[in-house]
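In what follows, a single structure is set out as structure tokens and then discussed.
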Protein chains: 2
Amino acid sequence: MKRLTGKDVARAAGVSVSAVSRAFTAENRLNKATRDHILKVASELGYRPNALARSLIKQESDLVAVVFGNTDGMYDKDFFNRLSTALQKRGKWALQIRSEEEENIAETLGKALMYPVSAAIVRAGTVDLQVIENSKKMHVPLIYTGLGPTVKGADCVWLNYKRGGLLGTRHLIKRGCKKIAYIGGIEGITADTGRREGYLEALGEAGLQPHGISQTRFDFESGLQAALNLLQSDNPPDAFYCVSDAAALGVLNAAKSILNLRVPEDVAVVGSDNMPMAAWPCFDLTAATNPIDEIVQNLMNTLEARLADPDQKEMSVVVEPELVIRGSA
Amino acid sequence: MKRLTGKDVARAAGVSVSAVSRAFTAENRLNKATRDHILKVASELGYRPNALARSLIKQESDLVAVVFGNTDGMYDKDFFNRLSTALQKRGKWALQIRSEEEENIAETLGKALMYPVSAAIVRAGTVDLQVIENSKKMHVPLIYTGLGPTVKGADCVWLNYKRGGLLGTRHLIKRGCKKIAYIGGIEGITADTGRREGYLEALGEAGLQPHGISQTRFDFESGLQAALNLLQSDNPPDAFYCVSDAAALGVLNAAKSILNLRVPEDVAVVGSDNMPMAAWPCFDLTAATNPIDEIVQNLMNTLEARLADPDQKEMSVVVEPELVIRGSA
DNA sequence: ACCTCTATTGCAATCGATTGCCAAAACTCA
DNA sequence: TGAGTTTTGGCAATCGATTGCAATAGAGGT
């Protein structure tokens, strides 16, 4: 039950291990007939060179560690999906690493760094200096994403969360909403901090006061519950700006399906992310974008630039959200 | 920019490379004081043994290739997520491999088999003998999932798709529906074949004829479009059995949000998978289950059994769907 | 003081592949 | 035919870690 090796192929083809290796590397150091023969024998046996043994000698590998702090969210699943597809298109393989707790990322990444990855992409809501420290010591380039701009010591591709909150809330104000609630996420996560900041600034511009701020877990159930609480209070809001699409869909469910309110007449709802689901007829959700393709593309560019020149100074790319206006606000 | 190695630690700690290695393996072959010193120096430098170099000599690795034929579906994303979390809990790392086209799985898996994975888990809708052949030749255990029972030469964990179609359609019949349409997926994919078989069998039991069979792409848009076509025809169906939850949600959108029909009074809808979304108030979808946790658990059991004894005969586990009845039918 | 036994550590071979170097073979051209 | 050049392919060192074996030191017994 041993793995097939180059030695087996060499024996079968009647050549040396070096010849087998040369048949598989692009080197022009082999007679065409010999190479063809070796490749034929190898393919019959089903042999492929061991990428790890290769990475030992070549001092490089095609593995990229992809670390997620919390993947429960629908957005993150989608994001991860596109990210690893993009990596694979560029000849890289995603070594997937999850951390149930946002705090354990350092430890989890540490274990994964035992594999000779050429880089690590970390998607998390908070910066962990230990993570940066670890990867620095291992000489593994680190790219953060899903964070605000303040990552010192690592490359970063981030969304201008504040602008999302700003655009979404301004839109609600322009519609004439006066009692605008904020459905937030976990405190300390930059997606929440930034969007709330934008929300508050937009209210300030219009001289309005925040009308209910709920901190939740970014997800559907949280959004639904928070909206139920607020809408059934003595002084219900007339609009919601939500930290995620998932939460916004929860709010829509609370308002339309449970409380039989009209959207946007009784209550207007704006989400953040603009996932494909936001466009479904039953939701028709107005949302600030969090464009996966653009972010992934920037991640790929950053990765390639970093691998090409490991010593260049830190790179930081900002992606700007837009507001997609649909029927919910 | 070289990776930190055991030699660096050895030099810094004033010991041999062997001693460093012994400090990191559980061996009791080192003086406690020496070991502590080495570990301290290693941790200061941020050193971790190279898992690949280790796997060379140990002839085993903690990598598991996870291959997906088509990951666009919402269900698959969720599935993958849980699968890799489960693997990680057992000390395995998921090396993620995607194949845009179902036909290219063999080729894609082949490339990934260059890494010394201890096993490959393949989730696909069709069996590819080449895939089985390849992994056999490389001596890599292969576990198929998402397929009907007829996989020769590989272990398999599958859902009894037919039973899902049977339960769902019987339920619609019991409700009094007479004109039941089938919203199917891509032909040849066992999830479609099996569920349609169950649908037809249930109709046969009741002496009913199929009322419209649409083959689509398993997804929301397909379901919506197919339902629009059928519902706007001269002789619209009074119920839908759908090959996936995503398609069922498309049908619900067409019926409720676009055509303003009442569900289940005008048209009843049953889905397959029972994703968390099916329970959202706005959908309240009756669905046959496709229990991710149970399937993943069985995959883990199969994997462990196979790794424990590579020579035992093929294993095949069947997971039985149930029907979760909600408001849509 | 001498011998035995054990604990601790280093040396060197090994895993599978790559590659610099060298030698044999083949080819060129006068 | 022979000198010079090129092509071809094997030998052996190498990557980073592990491990069998051997060497050394120290403990304990008589």
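As the structure is a prediction and not an experimental result, all values here were calculated from the model. These values consider heavy atoms only, across backbone and side chains, with no hydrogens, waters or symmetry-generated copies. Chain letters run A, B, ... following the sequence lines, proteins first and then strands; every chain starts at 1.
- Interatomic distance, CG of A:Leu63 versus CG of B:Leu95, reported as 6.0 Å (0.5 Å rounding).
- Between A:Phe24 atom CZ and C:dA17 atom P the separation is 9 Å, expressed in whole Å.
- Residues satisfying the side chain to side chain donor-acceptor pair (under 3.5 Å) test with A:Asn31, not counting sequence neighbours, are none.
- Residues satisfying the side chain to side chain contact (heavy atoms under 4.5 Å, CB included) criterion with A:Gln297, sequence neighbours excluded, are A:Arg90, A:Asn301.
- Every residue two or more places apart in sequence or in another chain that forms a side chain to side chain donor-acceptor pair (under 3.5 Å) with A:Ser84 is listed here: B:Gln96, B:Arg98.
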Table of protein N/O atoms under 3.5 Å from nucleotides 12-16 of chain C N/O atoms:
residue, atom, partner, partner atom, Å
C:dA12, N6, B:Ser18, OG, 3.4
C:dC15, O3', B:Gln59, NE2, 2.7
C:dG16, OP1, A:Lys2, NZ, 3.3
C:dG16, OP1, B:Gln59, NE2, 3.3
C:dG16, N2, A:Ala53, O, 3.3

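- When the side chain to side chain donor-acceptor pair (under 3.5 Å) test is applied to B:Asn298, no partner is found at least two apart in sequence or on another chain.
- In terms of the side chain to side chain donor-acceptor pair (under 3.5 Å) criterion, B:Asp62 has no residue partners (sequence neighbours excluded).
- Fit an axis to the five pairs at each end of the helix from C:dA1-D:dT30 to C:dA30-D:dT1 and the two axes sit 40° apart, to the nearest 10 degrees.
- In this structure A:Ser43 satisfies the side chain to side chain contact (heavy atoms under 4.5 Å, CB included) test with no other residue, sequence neighbours excluded.
- Under the rule for a side chain to side chain contact (heavy atoms under 4.5 Å, CB included), the partners of B:Ala191 that lie at least two apart in sequence or sit in another chain are B:Tyr161, B:Ile189, B:Arg195, B:Phe218.
- In this structure, CZ of A:Arg11 is placed 16 Å from C1' of D:dG10, rounded to the nearest angstrom.
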Set out, line by line, the N/O atom pairs under 3.5 Å between protein and nucleotides 5-9 of chain D.
residue, atom, partner, partner atom, Å
D:dG9, OP1, A:Thr34, OG1, 2.6
D:dG9, OP2, A:Asn31, N, 2.9
D:dG9, OP2, A:Thr34, OG1, 3.3
D:dG9, N7, A:Arg29, NH2, 3.3
D:dG9, O6, A:Arg29, NH2, 2.3

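- Listed by first and then second residue, the ring-ring contact (aromatic ring centres under 6.0 Å, His included) pairs involving residues 4-23 of chain B amount to none (not counting sequence neighbours).
- For the pair B:Ser21 and D:dT18, the criterion of a side-chain N or O lying under 4.0 Å from OP1 or OP2 is met.
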Less than 3.5 Å apart, which donor and acceptor atoms pair up between the side chains of residues 46-58 of chain A and the rest of the protein, not counting sequence neighbours?
residue, atom, partner, partner atom, Å
A:Arg48, NE, B:Gly110, O, 3.2
A:Asn50, OD1, A:Leu52, N, 2.8
A:Asn50, OD1, A:Ala53, N, 3.3
A:Ser55, OG, A:Leu52, O, 2.9

